[in-house]
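Whatever order the structure lists them in is the order used to number ligands and atoms, beginning at 1.
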Amino acid sequence: MTKTPDTPAPCVGMGETQHSHPEELLSRRARVAVPELVVTCECEQSPRGPCSCSHRNPDEESICSDSGLSGSPASSLALRKLSNSSSSGLSPASSFEECEEDLLGYVDFNVNQSPGEALTTDLWKKSKNMVNWSPPPETVKKRSPWVQVVGHAGNFQTDSDGRLLKKYCESEQQCFLQLMSDSLRPFVPGYYGVTQRDEQDYNLMDDLLADFDSPCIMDCKMGSRTYLEEELKKARECPQPRKDMYEKMIAVDPEAPTEEERLQQAVLKTRYMQWRETLSSTATLGFRIEGIKKSDGTCNTNFKRTKCKDEVVQALEDFVDNNMLILRSYQQRLQELRDILEKSDFFKAHEVVGSSLLFVHDVTGKAGIWMIDFGKTVPMTPPLTLDHRSPWLEGNREDGYLWGLDNFIDILTTMLQEK
Ligand SMILES: Nc1ncnc2c1ncn2[C@@H]1O[C@H](COP(=O)(O)OP(=O)(O)OP(=O)(O)O)[C@@H](O)[C@H]1O
Ligand SMILES: O=P(O)(O)O[C@@H]1[C@H](O)[C@H](O)[C@@H](OP(=O)(O)O)[C@H](OP(=O)(O)O)[C@H]1O
């Protein structure tokens with residue numbers, strides 16, 4: 001996919017892949033095909049692969065990005081076609097409506113497994129005793145297909161169980177494991193360990209969209225810095241200018257590269273990330289809108305230049321469709337999040353970079369906000385902690401997360417007062 005700026009694109013909906021691995025059957029909570037239960041499975045988790053934070057081909061583009069496709073309501077049709085047209089990787093099976101065999105041939109399996117519970121042999125035994133249990137029909141809910149708003153293409157898979165598989169990244173796994181017993185637990189997706197599909201390891205987590213009906217989704221990247229101090233160090237020690245980032249840069253602003261970068265037709269990643277920060281509201285407000293997907297299927301990731309407060313306000317108004325009740329829910333949820341963050345042991349002890357807040361609401365008025373993407377969230381060396389508000393000076397590892405959250409809450413509060 002080639003990105004072209006200034007054009008909204010449809011998000012990609014994604015169904016589940018085939019469930020052929022025994023260990024995967026064990027790691028999924030609910031619907032397991034009855035005939036497959038005769039298989040004597042090992043229930044060990046898959047071997048941990050190397051951290052796949054750098055799994056992405058630099059030339060791969062984001063899913064719902066400024067790809068040049070139309071952002072009109074008709075794009076939801078394109079979205080459906082995309083889902084339907086694929087085989088295992090992009091099957092439409094995440095929608096119950098479209099996968100009747102899931103309803104008929106599957107029974108609820110590890111129904112008692114809770115987020116963070118280890119996938120042990122005991123659990124397998126417990127589960128074996130439950131194979132004859134069938135969910136009452138009224139518990140089966142229709143779900144909208146999962147959609148990815150921004151982020152690395154090809155990073156995610158879904159299962160029919162309201163869960164998401166994200167390509168395995170060790171640091172993200174470590175965060176999830178700690179978050180499951182932190183006060184932040186209500187603000188992150190439930191985590192269920194590592195699973196394997198087609199020889200690829202994945203972190204298994206809740207799909208936060210599962211309980212929404214045609215949700216509106218917004219991804220906001222939090223913090224005043226989007227790259228790790230470690231990345232800066234590496235860039236100095238071993239500079240690796242990137243052509244793909246040069247291309248992305250000139251697509252937005254042909255004047256942005258320096259003379260040297262122009263000659264090389266390449267830029268360092270940290271330079272590109274810094275440029276993105278100052279072009280958007282990251283540097284001035286401590287957060288930026290990455291993408292918005294509306295309930296009509298339209299998706300916009302053209303926020304690279306959304307920088308000043310007024311522009312952010314305009315995008316937020318559009319996102320909530322001027323619904324002040326939704327806006328109020330979001331403001332309250334952010335205030336709750338701030339209260340918890342200020343007390344969280346996990347948060348104090350981690351540099352949180354490149355993490356997003358996922359805003360989700362639907363026509364019923366339900367609204368939620370969760371923290372996602374912990375691929376670049378790294379522990380501080382004890383006893384060092386962060387306050388997440390102090391300005392960043394190289395070496396202090398401050399990320400500006402709470403500063404950004406303060407600004408976000410202030411903006412929502414002002415919007416509510418002015419209505
Ligand atoms: N638990 C979740 N439930 C529902 N949707 C999710 C969840 N996690 C991620 N997403 C969707 O996937 C998108 C990308 O998520 P995430 O930021 O974790 O991916 P990434 O590839 O690591 O992104 P980045 O490019 O910022 O590193 C989000 O914008 C959101 O649309
Ligand atoms: O939004 P853009 O302009 O497309 O830029 C990408 C974005 O900043 C991602 O957060 C980053 O991944 P990480 O956060 O994981 O570093 C990615 O780096 P990458 O190409 O090295 O994956 C960038 O290309």
ask   = Heavy atoms only: which of Lys248, Lys376, Glu231 is nearest to atom 24 (O) of ligand 2?
value =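 Going through Lys248, Lys376, Glu231 one by one, Lys248 has the nearest heavy atom to atom 24 (O) of ligand 2.
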
message = I need the minimum non-hydrogen distance between His350 and Phe346, along with the two atoms involved.
response =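 Closest approach of His350 to Phe346, heavy atoms only: ND1-O, 2.8 Å.
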
Look only at interatomic distance and state if [X] has a nitrogen or oxygen under 3.5 Å from any nitrogen or oxygen of ligand 1.
| X | result |
| --- | --- |
| Gln148 | no |
| Glu172 | no |
| Val149 | yes |
| Leu208 | yes |
| Asp373 | yes |

Heavy-atom gap [X] to ligand 1 smaller than 4.0 Å:
| X | result |
| --- | --- |
| Lys166 | yes |
| Ile217 | no |
| Trp370 | no |

Which of the atoms in ligand 2, numbered in the order shown and given with their element, are less than 4.0 Å from a heavy-atom of [X]?
| X | result |
| --- | --- |
| Lys269 | 13 (P), 16 (O), 18 (O), 19 (P), 21 (O) |
| Met245 | 18 (O), 20 (O), 23 (C), 24 (O) |
| Tyr272 | 2 (P), 3 (O), 5 (O) |

Distance under 4.0 Å to a non-hydrogen atom of [X]: what atoms of ligand 1 satisfy this?
| X | value |
| --- | --- |
| Leu164 | 1 (N), 2 (C), 3 (N), 4 (C), 5 (N), 6 (C), 7 (C), 8 (N) |
| Lys221 | 26 (O) |
| Asp219 | 28 (C), 29 (O) |
| Asp206 | 1 (N), 2 (C), 3 (N) |
| Val150 | 13 (C), 14 (C), 29 (O) |
| Pro189 | 1 (N) |

Name of the residue among Val360, Val150, Leu316 meeting side-chain contact (heavy atoms from CB on, under 4.5 Å) with Met218 =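 Result for side-chain contact (heavy atoms from CB on, under 4.5 Å) with Met218: Leu316.
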
message = Can a side-chain donor-acceptor contact be found between Glu277 and Ser224 if the only test is distance below 3.5 angstrom?
response =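 The answer is no; no qualifying pair exists.
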
task = Would you please say whether a donor-acceptor pair under 3.5 Å links the side chains of Ser281 and Arg288?
result =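 Per modelled atom types, Ser281 and Arg288 side chains form no pair under 3.5 Å.
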
task = Going by the salt bridge (Lys or Arg N to Asp or Glu O under 4.0 Å) test, name the single residue among Glu351, Glu231, Glu229 that passes it with Lys376.
result =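 With Lys376 as partner, Glu351, Glu231, Glu229 yield a single salt bridge (Lys or Arg N to Asp or Glu O under 4.0 Å), made by Glu231.
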
Under 3.5 Å between some N or O of ligand 2 and some N or O of [X]?
| X | answer |
| --- | --- |
| Thr226 | no |
| Lys221 | yes |
| Arg276 | yes |
| Lys304 | no |
| Asp244 | no |

message = Can you tell me which portion of Arg242 lies within the under-4.0 Å heavy-atom range of ligand 2? Options are side chain, backbone, both, or neither.
response =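 Side chain only; the backbone of Arg242 stays clear of ligand 2.
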
Hey, is [X] touching ligand 1 through its side chain, its backbone, both or neither, going by heavy atoms under 4.0 Å?
| X | answer |
| --- | --- |
| Asp207 | both |
| Lys293 | neither |
| Glu290 | neither |

Establish, yes or no, whether a centroid distance under 6.0 Å links the rings of [X] and [Y].
| X | Y | value |
| --- | --- | --- |
| Phe347 | Tyr401 | yes |
| His361 | Tyr330 | yes |
| Phe359 | Phe408 | yes |

message = Against the six-membered ring of Tyr191, is Arg185 placed for a cation-pi contact (under 6.0 Å from the centre, within 45° of the normal)?
response =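 Judged by the rule (NZ or CZ under 6.0 Å from the ring centre, within 45° of its axis), Arg185 is not positioned above Tyr191.
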
request  = Calculate, to the nearest 0.5 Å, the distance between atoms CE and CG belonging to Met371 and Leu179 respectively.
outcome  =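 Rounded to the nearest 0.5 Å, the CE-CG separation comes to 7.0 Å.
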
ask   = Between the main-chain N or O of His388 and the side-chain N or O of Glu398, is there a donor-acceptor pair closer than 3.5 Å?
value =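 Flag set: sc Glu398 to bb His388 pair under 3.5 Å.
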
message = So, 4.0 Å and heavy atoms of Tyr227: is ligand 2 close enough to count as a contact?
response =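 The answer is no, since Tyr227 has no heavy atom less than 4.0 Å from ligand 2.
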
key: Note: Arg389-Glu342 ion pair, threshold 4.0 Å (strictly below)   =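 Counted as a salt bridge, because a side-chain N and a carboxylate O are separated by less than 4.0 Å.
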
